[in-house]
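Note sheet for the following structure.
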Amino acid sequence: QVQVMESGGGLVQAGGSLRLSCAASGSIISINAVGWYRQAPGKQRELVAFSTSSGSTKYADSVKGRFTISRDNAKNTAYLQMNSLKPEDTAVYSCKVELRSTTAWGLLIYWGQGTQVTVSS
């Protein structure tokens, strides 16, 4: 069975930094794409950063230049480095992992449970 779990969230002051981790475990053959999403109270979920298996990355305009998505394939873990944090970055951050598993054919999608990021002013 496959499990995806985020970690690294917390409370930081504006201008600070956090690094979120998204660890996938279980019967994993390979991880293809990884996306980081966030959802603030009363707002729609938005895609923050996206990484393909080929190394292409995309960022939301609101975080471009401040956030960086990366991965360690050997550890089946993706990261989101968040610098120069702003109060408007406050949200629950979740990762979505596209992967191949030994339990099924084709690509599967798994979501983590989310980790809270709170940026104070």
**Request:** Among residues two or more places apart or on two chains, list those pairs meeting side-chain hydrogen bond (donor to acceptor under 3.5 Å, both in side chains) that have a residue in residues 2-21.
**Result:**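 Only S17-N83 qualify under side-chain hydrogen bond (donor to acceptor under 3.5 Å, both in side chains).
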
**Asked** Looking at side-chain heavy atoms only, is the closest gap between C22 and R71 below 4.5 Å?
**Response**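 C22 does not reach R71 side chain to side chain.
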
Side chain [X], main chain [Y], donor-acceptor under 3.5 Å:
| X | Y | result |
| --- | --- | --- |
| R66 | S84 | yes |
| T90 | T118 | no |
| R45 | A40 | no |
| T77 | K75 | yes |

Minimal non-hydrogen separation, [X] against [Y], with atom names:
| X | Y | value |
| --- | --- | --- |
| R38 | A91 | CB-CB, 3.8 Å |
| F50 | A33 | CZ-CB, 3.6 Å |
| A14 | S121 | CB-CA, 4.5 Å |
| A60 | L47 | CB-O, 3.5 Å |

**Request:** Compute whether any side-chain donor of one residue and acceptor of the other, for R100 and S27, lie under 3.5 angstrom apart.
**Result:**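 No - no donor-acceptor pair under 3.5 Å links their side chains.
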
**Asked** Between D61 and K64, does at least one N-O distance fall below 4.0 Å, as a salt bridge requires?
**Response**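 So D61 pairs with K64 through a salt bridge.
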
**Item:** Counterpart residues, ring-ring contact (aromatic ring centres under 6.0 Å, His included), relative to Y37 (two or more places apart)
**Value:**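 Scan of Y37 (ring-ring contact (aromatic ring centres under 6.0 Å, His included), adjacent residues dropped) gives W111.
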
**Prompt:** Just how far is it from atom OG1 of T68 to atom OH of Y79, taken to the nearest 0.5 Å?
**Reply:**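 Rounded to the nearest 0.5 Å, the OG1-OH separation comes to 14.5 Å.
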
**Item:** Spacing of OG1 belonging to T52 relative to CG belonging to N32, to within rounding of 0.5 Å
**Value:**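 Interatomic distance, T52 OG1 to N32 CG, rounded to 0.5 Å: 9.0 Å.
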
**Asked** So with a 6.0 Å cut-off around CD of Q1, is the heavy-atom count from everything else above 12?
**Response**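 Check fails, neighbour count at 12 or below.
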
**Members sharing V63's hydrophobic cluster (side chains within less than 4.5 Å)** =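 The other cluster members (ILVMFWY side chains, heavy atoms under 4.5 Å, direct or chained) are V2, V4, V12, L18, L20, I28, I31, V34, W36, V48, Y59, F67, I69, L80, M82, L85, Y93, V97, L99, L108, Y110, V117, V119.
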
